[in-house]
Amino acid sequence: MLLRTKLHGKIYEFPDIRLLMGKANEEKSGDRLAGVGAETAAERVAAKLILAEVPLSVLRENPAVPYDQDEITRVIQDAVDESVYNEIKDWTVGEFREWILSDTTTTEMIHRVSNGLAAEMIAAVTKLMSNLDLIYGAKKIPVTAHCNNTIGAPGTLSSRNQPNHPTDSPEGIRAEIYEGLSYGSGDSVIGINPVDDSYSSVSRLLDMTYDIIKTWNIPTQNCVLSHITTQMKCMQSGSPVGLVFQSIAGSQKGNDSFGISVGMIDEAYELAKKHCFPKGPNFMYFETGQGSELSADAHNGWDQLVMEARCYGFAKRYHPYQVNTVVGFIGPEYLYDARQIQRAGLEDHFMGKLTGIPMGCDACYTNHARADQNAIENLAVMLTAAGCNYFMGLPMGDDSMLSYQSTSFHDAPTLRQLFKLRPAPEFEKWMEDLGLIKNGVLTEKAGDPSIFLKR
Amino acid sequence: MDDTQLAAIVDAIVRELKESGAVKPAASSLDSQAASVSTNLSSPSVVPVKSRTSGSGVNLSIDLPDPTTPQARNTPRVKNPKDSNGLRALMASTTARIGVGRAGPRYSTASLLLFQGDHAVTQDALYRDVDQKLLDEFNLFTVQTKVKGGKQEYLLRPDLGRQLSDDAKRTINEKCQKNVNVQLVVGDGLSAAAIEANLRQIFPVVKQGVQNAGLTFGTPFFIKYARVGVMNDVGELVKPDVVVLLIGERPGLGRAESMSAYMGYKPKYGDTDADRDVVCNIFENGGTNPLEAGAYVVQIAQKMRKNQASGVKLKLAK
Ligand code: B12
């Protein structure tokens with residue numbers, strides 16, 4: 001394999017697809033940590049120049065982890081629609097980029113081609129996209145799903161009500177849920193990250209959230225984001241489960257370190273279809289984020305963008321209701337500053353949509369990264385322009401349990417009003433009936449959690 | 001579109017902007033700038049302004065109380081709440097920022113500035129070291145991971161924070177009793193303040209609890225620049241049944257005292273987070289109380305020994 005170019009008179013050569021892919025990435029601290037990042041800005045562009053000429057078939061034939069060693073590779077490769085693949089396998093990555101952006105390429109055409117793609121092809125074209133390309137491209141690929149309500153329809157923006165509490169206090173969590181609902185957060189899910197992963201604690205929170213949903217007749221679903229084994233036990237014991245959650249990684253070894261496997265998620269998916277209380281047909285919720293494979297030394301020498309794309313191929317197997325990257329969640333060792341977090345957020349959202357999954361984003365940062373709330377507000381505006389399905393809703397964006405900051409209860413209504421978007425239709429109707437929203441704008445009544453104290 | 005059409009559109013827009021006050025005639029731009037500074041300061045503010053002048057601002061005097069006191073923090077910012085006592089009760093039930101009010105869909109000014117004030121002090125915890133006096137109090141000797149280049153390197157090289165330096169291995173080999181039932185280790189992690197806030201309470205409870213259960217406690221020590229994965233090295237060296245690592249969690253907004261206890265049964269090279277358990281969010285006044293957490297840690301250690309497993313394996317064994 002010869003991978004060589006000249007740039008400004010200098011020769012650049014790359015030994016294999018793995019390094020070419022790594023060096024073609026925009027700058028990330030995690031790629032540097034993995035030893036695959038470009039040494040100079042010129043080397044990065046040289047890698048992109050060559051990548052633009054690589055046929056898509058070569059990427060399919062060079063998966064990040066070999067087929068016989070990795071069940072995630074097998075899930076992705078086995079799901080490729082061979083007839084679609086045969087139509088596109090000779091396109092170069094550069095041609096693929098232009099095809100996606102072309103005015104004659106429709107949403108339907110992209111949805112069809114999605115089924116012929118492997119994760120490495122999706123990652124490759126993402127590397128050639130500028131930020132505005134990623135926004136424009138993703139906007140062309142709406143992906144909707146349905147559980148108790150509809151997420152991702154064009155013209156809507158949803159919000160996960162994330163009422164985390166440092167001791168899982170049901171009263172405290174209830175108070176936060178009320179605050180969020182009063183701003184119109186909760187149409188994606190009322191989803192709690194539990195401190196205590198035990199069955200008794202998780203099932204208690206499922207009961208409590210279900211009670212709120214029933215009392216107020218809210219067209220939404222609940223979820224407690226414990227380890228999936230705990231949620232499986234809850235389903236089997238008859239707890240009211242809305243969505244079934246798990247964090248996933250892009251390699252078998254990465255998932256090993258999360259204590260999961262394809263077989264385990266298959267089993268959970270079967271339980272979900274049988275036991276979850278909402279209508280469906282989409283019952284699964286996954287979170288991802290660049291860097292978690294490298295963190296578990298499970299990246300097989302590949303860059304974090306490729307490993308992230310593989311998560312989406314894995315997620316697609318389960319027809320999820322929602323998937324979001326938690327971009328910026330782990331820390332500066334993978335995404336150093338606001339600029340890297342913003343870039344990764346746009347990349348992940350685009351890759352998810354191109355994979356064909358209903359993609360949202362936890363646009364966030366930790367206090368040890370070089371970022372602040374303004375940076376995250378910027379990212380949320382960019383992603384809304386890109387057609388992102390949903391964001392997190394946290395009390396002022398501050399998660400006092402997970403110790404990071406994300407988007408807030410206020411951000412969803414602001415972005416909706418700014419971009420003339422609406423909550424999920426069933427949820428908007430519910431808000432209107434309660435008098436919280438009118439013509440897409442919050443009413444005087446909104447923002448007051450005490451309205452939920454009496455029914 | 002031709003040029004005249006374009007000019008007409010531009011004219012109309014400029015007229016509209018002028019009427020709305022968004023643009024001012026060019027001549028007076030200096031005056032209006034000066035004026036806008038003083039109006040900003042004296043315009044209706046949610047924070048109490050002691051003395052407010054009506055005229056030119058010459059006698060302006062602003063002297064504010066600290067907005068970060070518990071009382072100031074718990075002030076509801078919702079205009080005309082339906083149930084104001086109820087609202088206070090809701091706010092008292094959580095450390096989360098609720099009842100914060102709004103301006104249109106955005107935050108009230110007081111809530112916005114309090115958030116920014118908290119963010120401003122948050123990062124300090126990362127760059128501090130654990131107080132040596134505290135470590136001396138518990139006779140903890142100190143070893144270091146392979147991180148040599150200070151906190152900045154610690155932040156960017158988690159791989160180095162998961163391995164003990166050769167010096168550290170030698171010291172531990174010399175000083176520690178081997179094959180004990182429970183080996184307690186303290187690590188700075190991402191917050192020195194977390195260790196300082198909780199160690200005095202949790203340490204005696206764990207030690208007592210272990211000994212009361214008839215188990216051996218070993219020789220505890222401190223690891224500087226530690227990540228959770230360093231437990232594997234400790235397990236290989238000391239060969240205990242259970243390793244308990246008390247470590248500082250990443251600092252939250254305005255709060256850096258949250259600590260975790262990560263635990264594993266016979267940790268060895270290659271073990272992952274799937275082989276571990278954690279008791280997290282340990283802090284007083286709002287989190288899991290360190291005394292309670294200590295008792296919980298002892299309980300889990302016993303469960304691990306009984307099932308000869310930890311992490312997901314322990315979960316599935318139960
Ligand atoms: C960062 C983080 C993660 C990151 C870790 C990646 C990384 N390289 O840092 C990611 C996103 C991968 C993650 C995943 C999960 N996490 Co987590 N995570 C955290 C968080 C927010 C901060 C941890 C921290 O400050 N560590 C301190 C530094 C110094 O440690 P470190 O060496 O840099 O990082 C290690 C630990 O953070 C550890 N870790 C992270 N999460 C978990 C969870 C468990 C059960 C274990 C054993 C270890 C572990 O992984 C890192 C690499 O070794 C805590 C919340 C908190 N307040 O502590 C939750 C937290 C520890 N995680 C939690 C959970 C439930 C999970 C998941 C099981 C979620 C899921 N359903 O899949 C998964 C899988 C965990 C596993 N077995 O591998 C719970 C644990 C609850 C409990 N009592 O068991 C917590 C408390 C948050 C919560 N309430 O949801 N997590």
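So that the names make sense, note that chain A is the first sequence line, chain B the second, and so on, each numbered from 1.
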**Request:** Could you tell me which portion of A:Ser295 (side chain, backbone, both or neither) has an atom closer than 4.5 angstrom to a non-hydrogen atom of chain B?
**Result:** both
**Asked** Which answer fits A:Ile330, side chain, backbone, both or neither, if we ask what part of it has an atom under 4.5 Å from a heavy atom of chain B?
**Response** backbone
**Region of A:Asp372 in contact with chain B, defined by heavy-atom distances below 4.5 Å** = both
**Prompt:** Between A:Asp399 and B:Arg97, does at least one N-O distance fall below 4.0 Å, as a salt bridge requires?
**Reply:** no
**Message:** Quick check on side chain to side chain contact (heavy atoms under 4.5 Å, CB included): which of A:Leu415, A:Val441, A:Leu418, A:Thr414 does B:Pro105 satisfy it with?
**Reply:** A:Thr414
**Asked** Are B:Cys280 and A:Val195 side-chain neighbours, meaning at least one heavy-atom pair lies under 4.5 Å?
**Response** yes
**Item:** Structural part of B:Ser111 lying under 4.5 Å from a heavy atom of chain A
**Value:** both
**Message:** Just verifying a value: how many Å separate B:Thr94 OG1 and A:Ile177 CD1, rounded to the nearest 0.5 Å?
**Reply:** 11.0 Å
**Asked** Side chain, backbone, both or neither: which part of A:Ile451 has a heavy atom under 4.5 Å from chain B?
**Response** both
**Side chains of A:Asp197 and B:Val278 in contact at under 4.5 Å (non-hydrogen atoms)** = no
**Message:** Show the nearest heavy-atom pair for residues A:Pro166 and B:Thr95, with the distance to one decimal.
**Reply:** CG-OG1, 3.4 Å
**Item:** Donor-acceptor contact present, side-chain A:His165 to main-chain B:Gly286, <3.5 Å
**Value:** no
**Request:** Give, as side chain, backbone, both or neither, the part of A:Gln405 having an atom under 4.5 angstrom from any heavy atom of chain B.
**Result:** side chain
**Message:** Tell me which of these, B:Asp271, B:Leu190, B:Asn85, has more heavy-atom pairs under 4.5 Å with chain A than the rest.
**Reply:** B:Leu190
**Asked** A:Thr229 versus chain B, heavy atoms under 4.5 Å apart: side chain, backbone, both or neither?
**Response** side chain
**Prompt:** So which of A:Asp398, A:Asp196, A:Leu442 has the largest heavy-atom pair count under 4.5 angstrom toward chain B?
**Reply:** A:Asp398
**Prompt:** Measuring from B:Asp275:CG to A:Asp256:CG, what's the distance to the nearest 0.5 Å?
**Reply:** 9.5 Å
**Asked** Where on A:Thr366 is there a heavy atom nearer than 4.5 Å to chain B: the side chain, the backbone, both, or neither?
**Response** side chain
**Message:** Less than 4.5 Å to any heavy atom of chain B: does that hold for the side chain of A:Tyr336, its backbone, both, or neither?
**Reply:** side chain
**Request:** Tell me, for A:Ala446 versus chain B, whether the close heavy atoms (under 4.5 Å) come from the side chain, the backbone, both or neither.
**Result:** both
**Message:** Counting only non-hydrogen atoms closer than 4.5 Å, does B:Gln152 touch chain A with its backbone (N, CA, C, O), its side chain (CB onward), both, or neither?
**Reply:** side chain
**Item:** Nearest-0.5 Å distance, CZ of residue B:Arg227 to CD of residue A:Glu333
**Value:** 5.0 Å
**Message:** Quick check: closest heavy atoms across B:Tyr107 and A:Ser408, and the distance to 0.1 Å?
**Reply:** OH-OG, 2.7 Å
**Prompt:** Measuring heavy-atom distances to chain A, does B:Arg157 have an atom under 4.5 Å in its side chain, in its backbone, in both, or in neither?
**Reply:** both
**A:Gln373 vs B:His119 side-chain heavy atoms within contact, under 4.5 Å** = no
**Asked** Just by modelled atom types, is the B:Lys82 backbone N or O under 3.5 Å from a matching donor or acceptor in the A:Asp448 side chain?
**Response** yes
**Message:** Would you compute the distance between atom OG1 of B:Thr272 and atom CG of A:Asp297 and round it to the nearest 0.5 angstrom?
**Reply:** 11.5 Å
**Request:** Examine whether an atom of A:Asp168 lies under 4.5 Å from a heavy atom of chain B, and if so say whether it belongs to the side chain, the backbone or both; otherwise answer neither.
**Result:** neither
**Prompt:** Are side-chain heavy atoms of A:Ser400 and B:Leu253 found at a separation under 4.5 Å?
**Reply:** no
**Request:** Might you work through the side chain to side chain contact (heavy atoms under 4.5 Å, CB included) test for A:Tyr178 and B:Ile98, ending with a clear yes or no?
**Result:** CA-CA 9 Å; A:Tyr178 289 169; B:Ile98 63 169; over 6 Å; no
**Message:** Do B:Leu114 and A:Met396 make a side-chain contact, defined as non-hydrogen atoms from C-beta onward lying under 4.5 Å apart?
**Reply:** no
**Request:** Could you tell me whether A:Glu444 atom CD has more than 12 heavy atoms of other residues or ligands within 6.0 Å of it?
**Result:** no
**Prompt:** Can you find a pair of side-chain heavy atoms, one from B:Asp83 and one from A:Phe452, that are under 4.5 Å apart?
**Reply:** no
**Item:** Test side chain to side chain contact (heavy atoms under 4.5 Å, CB included) applied to A:Arg32 and B:Leu156, step by step
**Value:** CA-CA 10 Å; A:Arg32 218 157 249 228; B:Leu156 291 178; over 6 Å; no
**Item:** Residue B:Asn80 versus chain A: region with a heavy atom under 4.5 Å
**Value:** backbone
**Message:** Can a donor-acceptor pair be found, under 3.5 Å and without considering hydrogens, that links the side chain of B:Arg250 to the backbone of A:Ser403?
**Reply:** yes
**Message:** If you compare all heavy atoms of A:Gly447 against all heavy atoms of B:Val78, which two are closest, and at what distance to 0.1 Å?
**Reply:** O-CG2, 3.6 Å
**Request:** Check whether any side-chain heavy atom of B:Pro158 lies under 4.5 Å from a side-chain heavy atom of A:Leu33, and answer yes or no.
**Result:** yes
**Nearest non-hydrogen partners of B:Val312 and A:Gly259, listed with the distance** = CG2-CA, 3.8 Å
**Request:** Check each atom of A:His368 against the heavy atoms of chain B and say whether the ones under 4.5 Å are side chain, backbone, both or neither.
**Result:** both
**Request:** List the steps, then state whether side chain to side chain contact (heavy atoms under 4.5 Å, CB included) holds for B:Val100 with A:Glu179.
**Result:** CA-CA 9 Å; B:Val100 293; A:Glu179 172 101 349; 3.5 Å; yes
